[in-house]
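The block underneath contains the structure these notes are about, expressed in structure tokens.
Note that the numbering runs from 1 along the sequence shown for the chain. Computed from a predicted structure; not experimentally measured.
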Amino acid sequence: MLRHSFRFDAGSGIGELARAVNNGDAQRAQAVLASRDYPDVHSVNLPAGEWRPLSALALGDGDTVPARGYRHYLELLAATSSTRPTLADTRDAWDAWAAGILRAHGEFQLLTALRQGDYGVEALNLRIEQALARAGLIRNAGASRGSTPRDAGDSPWYEGRPVMVTGNDYGLRLMNGDIGIALEAPVDFTRPERGSALRVAFPAGDGQGGIRWVLPSRLQQVETVYAMTVHKSQGSEFVHTALVMPDAMSPVLTRELVYTAVTRARQHFTLLCAGDEMLKQAVVRQVSRQSQLFSISAPGARLTG
């Protein structure tokens with residue numbers, strides 16, 4: 001049994017919140033989120049149909065939440081004059097630069113329980129992408145760097161786009177869940193005269209900080225990943241994790257899901273929720289496994305699936 005977390009301190013707000021959720025203690029979980037004694041956990045009111053708090057968090061514009069959102073890695077990417085290697089630089093220099101962008105991106109991640117609907121990954125990714133474009137943080141892939149904001153109907157590929165692999169590709173040595181970022185980089189690191197093109201940088205997983213560079217046209221199973229499902233986040237960790245709760249209960253909203261979301265955070269956790277009732281209902285509902293089937297149980301109710 002795992003008794004100690006090396007991701008966060010047990011006495012931190014994240015540790016206290018994780019313990020309360022794991023124990024099914026909704027009242028304690030709500031108290032931790034509301035307390036000023038735990039500066040590493042935050043609760044943001046997200047009324048139904050009101051998306052400005054979500055956009056502010058993603059942009060790093062929140063007043064009370066110490067988040068840099070996605071603005072941090074995109075501004076780092078935009079600082080081309082001081083950080084981006086030249087076409088004549090070595091592959092190692094480009095790998096080191098891309099690794100820094102990937103680390104900066106990993107400092108914040110928005111999670112959701114759902115794939116479909118207003119609170120699903122598809123709608124949230126589009127909503128955040130539009131907010132980043134309005135703020136001038138992402139640009140049209142088909143235009144010169146730094147020229148025009150990306151508009152509806154453009155190519156889905158643009159510099160700074162974060163993507164997640166959704167199916168194993170053994171030919172490219174990419175696995176389901178791998179995250180990369182589209183970056184403008186040399187077409188051929190040994191022939192700078194060939195110019196640059198948009199390529200997707202993935203961590204090579206070699207323990208040396210290496211990067212696997214892949215042309216977007218070769219990626220057939222990827223999706224934008226400003227928001228990802230809690231399920232997909234298992235095994236990952238982020239400096240700041242934010243969980244978006246829908247405005248209506250769903251069978252997938254359980255104690256285990258909330259606990260997984262909370263424990264993805266290393267330094268800060270934010271809950272975006274329309275009210276305390278949604279968190280309360282999720283924390284008291286638990287997946288109970290019976291043989292090879294499972295059911296979701298809650299006081300006074302049982303949903304099977």
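Asn125 contributes no side-chain N or O that, together with a main-chain N or O of Glu122, makes up a donor-acceptor pair within less than 3.5 Å. Under the 3.5 Å distance criterion, the side-chain polar atoms of Arg255 are matched with a main-chain donor or acceptor of Val283. A donor-acceptor contact shorter than 3.5 Å links the side chain of Arg199 to the backbone of Pro186. Judged by distance alone, with hydrogens and angles left aside, the side-chain atoms of Ser55 form no donor-acceptor pair with the main-chain N or O of Arg52 at under 3.5 Å. Remark: the backbone N or O of Ala18 is not paired with any side-chain donor or acceptor of Asn22 at under 3.5 angstrom. For Asp40 (side chain) and His268 (main-chain N/O), no donor-acceptor pair under 3.5 Å exists by modelled atom type. The closest donor-acceptor contact from the side chain of Gln109 to the backbone of Val225 lies under 3.5 Å. Side-chain N or O atoms of Asp178 include none that pairs as donor or acceptor with a backbone N or O of Leu174 at under 3.5 Å. For Thr263 (side chain) and Tyr259 (main-chain N/O), a donor-acceptor pair under 3.5 Å exists by modelled atom type. Checked by atom type and distance alone, the side chain of Asn168 pairs as donor or acceptor with a backbone atom of Asn176 at under 3.5 Å.
Take Tyr119 and apply the ring pair (Phe, Tyr, Trp, His ring centres under 6.0 Å) test, not counting sequence neighbours, and it matches Trp51. Residues passing the ring pair (Phe, Tyr, Trp, His ring centres under 6.0 Å) test with Phe269: none are found, sequence neighbours excluded. Here Pro192 pairs with Leu87 under the side-chain contact (heavy atoms from CB on, under 4.5 Å) rule; sequence neighbours left out. The side-chain contact (heavy atoms from CB on, under 4.5 Å) check on Asp92 picks up Thr90, with sequence neighbours excluded. For Arg103, the salt bridge (Lys or Arg N to Asp or Glu O under 4.0 Å) criterion is met by no residue, not counting sequence neighbours. Residues forming a salt bridge (Lys or Arg N to Asp or Glu O under 4.0 Å) with Glu277 (at least two apart in sequence, or on another chain): none. Val222 meets the side-chain contact (heavy atoms from CB on, under 4.5 Å) test with Trp157, Val163, Val165, Leu219; sequence neighbours excluded. Under the salt bridge (Lys or Arg N to Asp or Glu O under 4.0 Å) criterion, Asp118 pairs with no residue at all, not counting sequence neighbours. The side-chain contact (heavy atoms from CB on, under 4.5 Å) test applied to Ala104 returns His72, Tyr73, Leu76, not counting sequence neighbours. Glu223 meets the salt bridge (Lys or Arg N to Asp or Glu O under 4.0 Å) test with Arg115; sequence neighbours excluded.
Ile128 is not connected to Val239 by any chain of hydrophobic side-chain contacts under 4.5 Å among Ile, Leu, Val, Met, Phe, Trp and Tyr, and they are in different clusters. Under the 4.5 Å side-chain heavy-atom criterion for grouping Ile, Leu, Val, Met, Phe, Trp and Tyr, Trp97 is connected to Leu74 within one hydrophobic cluster.
In this structure, Gln221 and Gly167 approach most closely via the heavy-atom pair OE1-CA, 3.7 Å. Pairing each heavy atom of Asp247 with each of Ala48, the nearest pair is OD2-CB, 3.5 Å. The two atoms that bring Val284 and Ala26 nearest to each other are CG1-CB, 4.3 Å, heavy atoms only. Taking each heavy atom of Val230 and Ala261 in turn, the nearest pair found is CG1-N, 3.9 Å. Across all their heavy atoms, Val121 and Met228 have their closest contact at CG1-C, 3.6 Å.
Side-chain contact between Val252 and His231 is absent, with no heavy-atom pair separated by less than 4.5 Å. Residues Val187 and Ser196 form no side-chain contact, since every pair of their non-hydrogen atoms from C-beta on lies 4.5 Å or further apart. The side-chain heavy atoms of Met245 and Leu272, taken from C-beta on, include no pair separated by under 4.5 Å. Counting heavy atoms from C-beta outward, Pro53 and Asn45 have side chains that stay 4.5 Å or more apart. For the pair Tyr38 and Ser12, the minimum side-chain heavy-atom distance is 4.5 Å or more. For the pair Leu33/Leu271, a side-chain contact is recorded, criterion being any heavy-atom separation below 4.5 Å from C-beta on. A heavy-atom distance below 4.5 Å is not found between the side chains of Val244 and Leu111. A heavy-atom distance below 4.5 Å is found between the side chains of Leu253 and Met249.
Inspection of the Arg161 and Thr224 side chains reveals an N or O donor paired with an N or O acceptor under 3.5 Å. Between Tyr158 and Glu184, the side chains place no donor N or O within less than 3.5 Å of an acceptor N or O (distance only, hydrogens not considered).
With salt bridges taken as basic N to acidic carboxylate O contacts below 4.0 Å, one links Glu237 and Arg266. A salt bridge links Glu159 to Arg84: at least one charged side-chain nitrogen sits closer than 4.0 Å to a carboxylate oxygen.
Close placement of the Tyr70 and Tyr226 rings is indicated, their centers lying within 6.0 Å of each other.
The neighbour count for Glu50 CD, taken as heavy atoms of other residues, nucleotides or ligands under 6.0 Å away, is above 12.
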Expected list for residues 209-218: side-chain donor-acceptor pairs under 3.5 angstrom, two or more places apart:
{"from": "Arg212", "atom 1": "NH1", "to": "Arg173", "atom 2": "O", "distance (Å)": "3.2"}
{"from": "Trp213", "atom 1": "NE1", "to": "Asp95", "atom 2": "OD1", "distance (Å)": "2.8"}

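Tested against Arg68 for a side-chain hydrogen bond (donor to acceptor under 3.5 Å, both in side chains), the candidates Glu107, Glu75, His240 yield a single pass: Glu107.
For residues 21-37, every residue pair satisfying the salt bridge (Lys or Arg N to Asp or Glu O under 4.0 Å) rule, not counting sequence neighbours, is listed here: Glu16-Arg28.
The distance from the OG1 atom of Thr83 to the CG atom of Leu77 is 7.5 Å, given to the nearest 0.5 Å.
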